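Just so it is clear, the structure is predicted and the values come from calculations on it, not from any experiment. The figures that follow rest on heavy atoms only: side chains count, while hydrogens, waters and symmetry mates do not.
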Amino acid sequence: MQNFVFQNPTKLVFGKGMIAKLAELIPAGCRLMITFGGGSVKRNGVYEEVCAALAGRTWTEFWGIEPNPSIETLRKAIAQGKAEGVDFLLAVGGGSVIDGTKLISAGLRYEGDAWDLVRRGSWSDTVPLGTVLTLPATGSEMNSGAVISRLETREKYAFYSNFPRFSVLDPEKTFTLPEHQVACGLSDTFVHVMEQYMTTTGQSRVMDRWAEGLLQTVVEIAPKILGRERDYDLMADFMLTATMGLNGFVALGVTQDWATHMIGHELTALHGLTHGATLAIVFNGTLRVLRDQKRGKILQYGARVWGITEGTEEERIDRTIARTEEFFRSLGLSTRLSEEGIGEETIAEIERRFNASGVAHGEAKNVTGAVARRILEACR
């Protein structure tokens, strides 16, 4: 196990009715801005509960943070926040609203264009924020990361700032989510864990077993969730698994990959595909192309998560990769680029972007533009 320093300062406030705790969690007298997406929180009752919890307070609202939050929208929120002297933020929504609010929190303390911060990659001088999560997927409610898009240039980059001070998670608020959003959230959760797990063997028994437990949980609950999204215990397990999958807990002292995510971000930037949907396509190609590099971990994963223990190593690897693709398909998601009408033009553009940036992703730092092309070709 490698050396590490770990701290996660986010207070997790979990369960039925916990939105009522907002009055205790948000400092009295702060100049508050609450950020939202497209309006689903008014249809599912979350907005009403937030307002009730903050009765007697004053705040300003910003609406319209879209899926894959764009700098074009977030600039407007930052301008509004600066004009009103905002010094505390509450993000109410899914990962995109939380991601966007993280950039707002940085932009409020920055004099230039917030896109500069995105390209810089990180910014630590931020306005404090809390969250009310309505869509499990990204883990943004308990980590410091965000991903921000620029529509005019069709770019999408990761950005890191500070952790939310607190996050309220009420599984009942997931009951009205569309099935496709739930499926993409399950895919996102699964691949988040895989990016931290599917590298090499022998690094940490603790991290391996923890990651495998999260993977097994997603596999077990997925078919039940897609059939009855109003089951509180199922949605509680889903919500907590998504949070634990990307809050640093399964990454302690081990190498990480993230090549699938970097390729997936480009597919979103170029075609607007939901993030979890891109991962369901790309991850299978990553396993196919890097199977020799990841051989030991694929065999371990196949045995411990899917119970694949018989046959030669090559046969077991083949079956494990096939079973993984079957899992994504069972969620109702595409697993091939052709199913989304994506072909050579996009593959060439992603290869060009990787080469132009000089990046080399993955635990071995070998996923260059050429390797990204091979992965995408394996997803045709």
Side-chain angles (χ1 to χ4, degrees), residues 10-15 17-110 114 126-144 146 148 159 161-170 172-174 176-177 239 243:
T10 303
K11 177 186 288 189
L12 208 59
V13 184
F14 191 98
M18 286 299 196
I19 290 176
K21 297 285 187 182
L22 285 176
E24 303 170 21
L25 296 166
I26 298 174
C30 69
R31 288 165 292 183
L32 174 65
M33 174 188 277
I34 308 179
T35 57
F36 302 97
S40 63
V41 294
K42 287 191 172 179
R43 296 188 294 273
N44 63 20
V46 172
Y47 179 77
E48 183 178 354
E49 288 192 36
V50 170
C51 292
L54 296 175
R57 303 271 190 109
T58 58
W59 66 85
T60 184
E61 298 178 0
F62 182 85
W63 292 83
I65 299 178
E66 62 271 71
N68 306 305
S70 72
I71 187 63
E72 290 85 352
T73 296
L74 301 177
R75 285 174 178 143
K76 298 174 185 177
I78 292 168
Q80 179 180 325
K82 285 182 175 180
E84 301 186 21
V86 167
D87 58 14
F88 200 96
L89 292 160
L90 179 67
V92 180
S96 291
V97 173
I98 298 172
D99 278 11
T101 306
K102 287 177 180 175
L103 185 64
I104 296 168
S105 76
L108 289 174
R109 295 273 183 88
Y110 182 68
T126 63
V127 167
L129 70 105
T131 87
V132 175
L133 181 69
T134 60
L135 172 59
T138 69
S140 190
E141 66 277 5
M142 202 175 182
N143 65 47
S144 62
I148 309 298
F159 168 75
S161 59
N162 289 316
F163 290 74
R165 294 283 181 87
F166 65 83
S167 287
V168 179
L169 281 65
D170 181 347
E172 288 190 326
K173 306 314 173 193
T174 67
T176 58
L177 291 171
M239 207 170 212
T243 298

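- The two atoms that bring P67 and S96 nearest to each other are CA-OG, 3.5 Å, heavy atoms only.
- One finds the CD atom of E72 at 9.0 Å from the CG atom of L74 (value rounded to the nearest 0.5 Å).
- From M239, atom CE reaches atom CG of L133 across 4.0 Å, with rounding to the nearest 0.5 Å.
- In terms of heavy-atom proximity, W59 sits nearest to C51 at CZ2-SG, 3.8 Å.
- Taking all atoms of both residues into account, the shortest heavy-atom contact from N44 to K173 is ND2-O, 4.2 Å.
- The one candidate from I65, V92, V132, L90 that meets the side-chain contact (heavy atoms from CB on, under 4.5 Å) condition with F36 is V92.
- The line from CD1 of I78 to CG of L103 is 5.0 Å long, rounded to the nearest 0.5 Å.
- Atom NZ of K82 sits in a crowded spot, with more than 12 heavy atoms from other residues, nucleotides or ligands closer than 6.0 Å.
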**OP:** Decide yes or no on side-chain contact (heavy atoms from CB on, under 4.5 Å) for R109 and V127, but give the supporting numbers first.
**Re:** CA-CA 7 Å; R109 295 273 183 88; V127 167; 3.8 Å; yes
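- Remark: the backbone N or O of I26 is paired with a side-chain donor or acceptor of R57 at under 3.5 angstrom.
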Go through it in stages, so that I can follow the logic: the residues are T60 and Q80, the test is side-chain contact (heavy atoms from CB on, under 4.5 Å), and I'd like the CA-CA distance, side-chain angles, deciding distance and then a yes or no.
CA-CA 9 Å; T60 184; Q80 179 180 325; 3.0 Å; yes
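- Pairing each heavy atom of F88 with each of C30, the nearest pair is CB-SG, 3.8 Å.
- Applying the 6.0 Å contact sphere to CD of E61 captures more than 12 heavy atoms from other residues, nucleotides or ligands.
- Formation of a donor-acceptor pair under 3.5 Å by the D87 side chain with backbone atoms of R31 is found in this model.
- Closest heavy-atom contact between P69 and D99: CG-CB, 4.1 Å.
- Annotation: the span from I34 atom CD1 to Y47 atom OH amounts to 7.5 Å, rounded to 0.5 Å.
- Looking at T174 and P136, their side chains come closer than 4.5 Å, going by heavy atoms from C-beta outward.
- For the pair K11 (side chain) and L25 (backbone), a donor-acceptor distance under 3.5 Å is absent.
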* Applying side-chain contact (heavy atoms from CB on, under 4.5 Å), run through E84 and M33 and close with a yes or a no. => CA-CA 9 Å; E84 301 186 21; M33 174 188 277; 5.8 Å; no
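- Counting non-hydrogen atoms of other residues, nucleotides and ligands closer than 6.0 Å to CZ of R75 gives a total above 12.
- Side-chain contact between W63 and V41 is present, with at least one heavy-atom pair separated by less than 4.5 Å.
- I98 contributes atom CD1, which lies 6.0 Å from atom OG1 of T138 (distance to the nearest 0.5 angstrom).
- Checking P164, S167, S161 one by one against L129, the side-chain contact (heavy atoms from CB on, under 4.5 Å) holds for a single residue, P164.
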**Report entry** Candidate pair T243 and E141, rule side-chain hydrogen bond (donor to acceptor under 3.5 Å, both in side chains), full reasoning
**Finding:** CA-CA 7 Å; T243 298; E141 66 277 5; 2.5 Å; yes
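- The CG atom of D170 lies 5.5 Å from the CD1 atom of I19; values are rounded to the nearest 0.5 Å.
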For this session: Could you walk me through whether L12 and M142 pass the side-chain contact (heavy atoms from CB on, under 4.5 Å) test, one step at a time?
Result: CA-CA 8 Å; L12 208 59; M142 202 175 182; 4.1 Å; yes
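- For the pair I104 and A77, the tightest heavy-atom approach, listed with the atom from each and the gap, is CD1-CB, 3.5 Å.
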